Amino acid sequence: MELLYNSTRNADEKVTASQAILKGLAREGGLYVPEEIPALDTDLDDLAKMTYQETAYTVMRKFLTDFSEKELKDCINAAYDQKFDTEEIAPLVQANGAYFLELFHGSTIAFKDMALSILPHLLTTAARKNQVRNEIVILTATSGDTGKAALAGFADVEGTKIIVFYPKHGVSPIQEKQMITQKGENTFVVGIHGNFDQAQSGVKKMFSDEELVKVMERSGYQFSSANSINIGRLVPQIVYYVYAYAKLYANGEIAKGEKINVAVPTGNFGNILAAFYAKQMGLPIAKLICASNENKVLYDFFSTGIYDKNRDFILTSSPSMDILISSNLERLIYRIAGNDAEKNTDLMKALTVNGRYEITSRMKEQLEEFYGNYTTEEETARIIRELYEDTGYMIDPHTAVAAGVYERYKEETKDEDVKTLIASTASPFKFTRSVMNAVDREKYDSMTDFELVDELSRLARVEVPRAIEEIKTAEIMHNTVCEPEEMERVVKDILKIK
Ligand SMILES: *Cc1c(COP(=O)(O)O)cnc(C)c1O
């Protein structure tokens, strides 16, 4: 049976999976959502024996029903290969009573690789299936990790160009170096004098600018998105929750059907929404623990039912979560509004106009399976240091936010027995300075970034990842910087259109 996708802002818009992937964003700024969440009907004993690739096929075929078996398997095999430095793709590490699901073994050492290594293949397959002749222009805003993962995924992919906007002063030095050294004739990287939300709003504006879309069409281009608003990114993220659950079962850590908690360091709400979808599919998940840093909009939302972005934007040591508008929350809002596109549109309009909205108490009741909280910068550093001192295991600041919120969850709820999976979203090598400063500020303050990398490798007894070795000597390829208002002009210049 074919699964279709609706727009969260227009009840009449229905498209196939491949069309939803191609378009990225629906008209009127809506997001595509599956009409219903398919059930995971494979027996756990069978899942337990599967490789990551086999699990990916089992899960994704349920969502991407207009892809043939061969098309989907080709995409999966092209994505999850030697680009990952471990055959397991997403290994589990037990430390301090929790299970860290390491999602950073891909080519850019952050969890974005889990989806962005497959998205270019899904997208080019979708273009072929829909007889698209235009060149596809991937327009992406990044808080640091999406940009590099998307660039790496799309570099030299025929029929595509990729343009990435990032906050010039809002990413880590290693993140910036990774992006501006990207090779590939079809890649473009632009810093903006602004924050991530401004980059994201600028991109969304171009997507919904009918005039611009027409101009593009005339020049043989069409936009698509590599941001987590693209359903082609969300679906591959469901896979690793199913895979991790099956591995916990295979390793004898949990019984069949035993419920687990999942803690996710959250920014744009994509990763945790994938966990929610996994739960909807039937994966035994108890609580979805949504962890924020000091930009705690989501914590406030879960506690009050009011989403309010009117506040200062704080730059933290977990920059990929420095976000005040969590785009994917819209998919959850639409759902708890009873799949009511009109109601959802009203709320999203209120967000654009007033910077806030409030959900009804009936909607709020449906959020019980979520637990939200946040950690301060000091707590995040303490978590990194203590975990390292107690176990020798080193985690990055994003993962530490989740580990910190999980601690708080246990204190508040006394729910200590339910096994808990913590999504580990970046390698500590990507945020070396913050991690080493957390361990010992005085000792490491005077070292250069690359000296710190070697020191981290020694302390954690982990080899320096290839991704870091590469940028040590890489040449800078991109140096465009602009104001947020100039983003459209920059895109036109790059595409040589008026
Ligand atoms: C993107 C990112 C996050 C946030 O994930 P969302 O899906 O946007 O909520 C957390 N940690 C790291 C390292 C990331 O790159």
Side-chain angles (χ1 to χ4, degrees), residues 31 100-117 119 140-152 164 166-167 170-172 174-175 178-179 196-197 199-200 225-231 233-238 240-241 262-278 288-293 295-299 301 316-332 370 372 374-375 380 384 395-405 422-432 434-435 465 467:
L31 307 188
F100 289 84
L101 175 60
E102 293 190 346
L103 302 173
F104 55 74
H105 289 272
S107 56
T108 76
I109 60 175
F111 97 97
K112 303 292 195 294
D113 289 325
M114 301 304 296
L116 282 165
S117 51
L119 182 69
T140 290
T142 184
S143 56
D145 291 330
T146 293
K148 178 60 186 186
L151 288 161
V164 168
Y166 73 98
V171 300
S172 87
I174 290 183
Q175 285 178 317
Q178 278 188 309
M179 286 190 279
F196 170 72
D197 286 327
Q200 179 158 262
S225 166
N227 278 104
S228 56
I229 50 178
N230 192 317
I231 197 78
R233 256 189 72 181
L234 217 47
V235 170
Q237 293 183 178
I238 302 168
Y240 46 76
Y241 292 109
V262 176
V264 185
T266 297
N268 227 354
F269 210 76
N271 202 3
I272 194 162
L273 188 75
F276 174 71
Y277 282 174
L288 295 153
I289 301 172
C290 175
S292 301
N293 63 24
N295 294 292
K296 58 183 183 60
V297 201
L298 287 166
Y299 163 63
F301 170 70
T316 72
S317 59
S318 45
S320 304
M321 298 157 66
D322 290 345
I323 290 176
L324 294 180
I325 306 172
S326 297
S327 295
N328 274 296
L329 186 65
E330 176 168 348
R331 289 188 160 109
L332 183 65
F370 287 89
Y374 74 103
T375 57
T380 305
I384 294 173
I395 56 175
D396 98 290
H398 301 76
T399 309
V401 167
V405 167
I422 296 178
S424 181
T425 50
S427 158
F429 285 96
K430 200 154 189 178
F431 301 95
T432 318
S434 302
V435 169

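Read the numbers this way: they start at 1 and go in the same order the structure lists the ligands and their atoms. Being a predicted model, the structure only gives us computed values, none of them experimental.
Near Ala426, the atoms of ligand 1 lying under 4.0 angstrom from a non-hydrogen atom of the residue are 13 (C). If you number the atoms of ligand 1 from 1 as listed, the ones under 4.0 Å from a heavy atom of Gly270 come out as 6 (P), 7 (O), 9 (O).
The single protein non-hydrogen atom nearest to atom 12 (C) of ligand 1 is Thr425 OG1, 3.4 Å, given as residue, atom name and distance. Scanning all protein heavy atoms for the shortest distance to atom 10 (C) of ligand 1 gives Pro265 O, 3.5 Å. When only non-hydrogen protein atoms are considered, atom 6 (P) of ligand 1 lies nearest to Asn268 N, 3.5 Å. Asn271 N, 2.8 Å is the protein heavy atom nearest to atom 7 (O) of ligand 1. The protein heavy-atom contact nearest to atom 14 (C) of ligand 1 is Lys112 NZ, 2.8 Å. Of all protein heavy atoms, the one closest to atom 9 (O) of ligand 1 is Gly267 N, 2.8 Å.
Using modelled atom types, one finds no donor on one side chain facing an acceptor on the other under 3.5 Å when comparing Gln178 with Thr108. Counting only N and O atoms by type, the side chains of Asn230 and Arg233 include no donor and acceptor under 3.5 Å apart. A donor and an acceptor atom, one from each side chain of Asp322 and Asn295, are located under 3.5 Å apart.
The proximity of Phe111 to ligand 1, defined as any non-hydrogen pair under 4.0 Å, is limited to the side chain. When non-hydrogen atoms are compared, ligand 1 lies under 4.0 Å from neither the backbone nor the side chain of Lys430.
In this structure, Tyr374 places its OH atom where only 12 or fewer heavy-atom neighbours from other residues, nucleotides or ligands lie under 6.0 Å away.
Considering Leu298, Val264, Ile325 in turn, Leu298 is the only one that fulfils the side-chain contact (heavy atoms from CB on, under 4.5 Å) rule with Phe269.
Between Asp396 and Ser427 there is no side-chain heavy-atom pair separated by less than 4.5 Å. The shortest side-chain heavy-atom distance between Thr146 and Thr140 falls under the 4.5 Å cut-off.
Checked against a 3.5 angstrom limit, the closest N/O atoms of Phe269 and ligand 1 fall inside it. The N/O atoms of Asp145, backbone and side chain alike, include one that comes under 3.5 Å of an N/O atom in ligand 1.
Counting all heavy atoms, side chain and backbone alike, Tyr240 lies closest to Leu101 at O-CD2, 3.8 Å.
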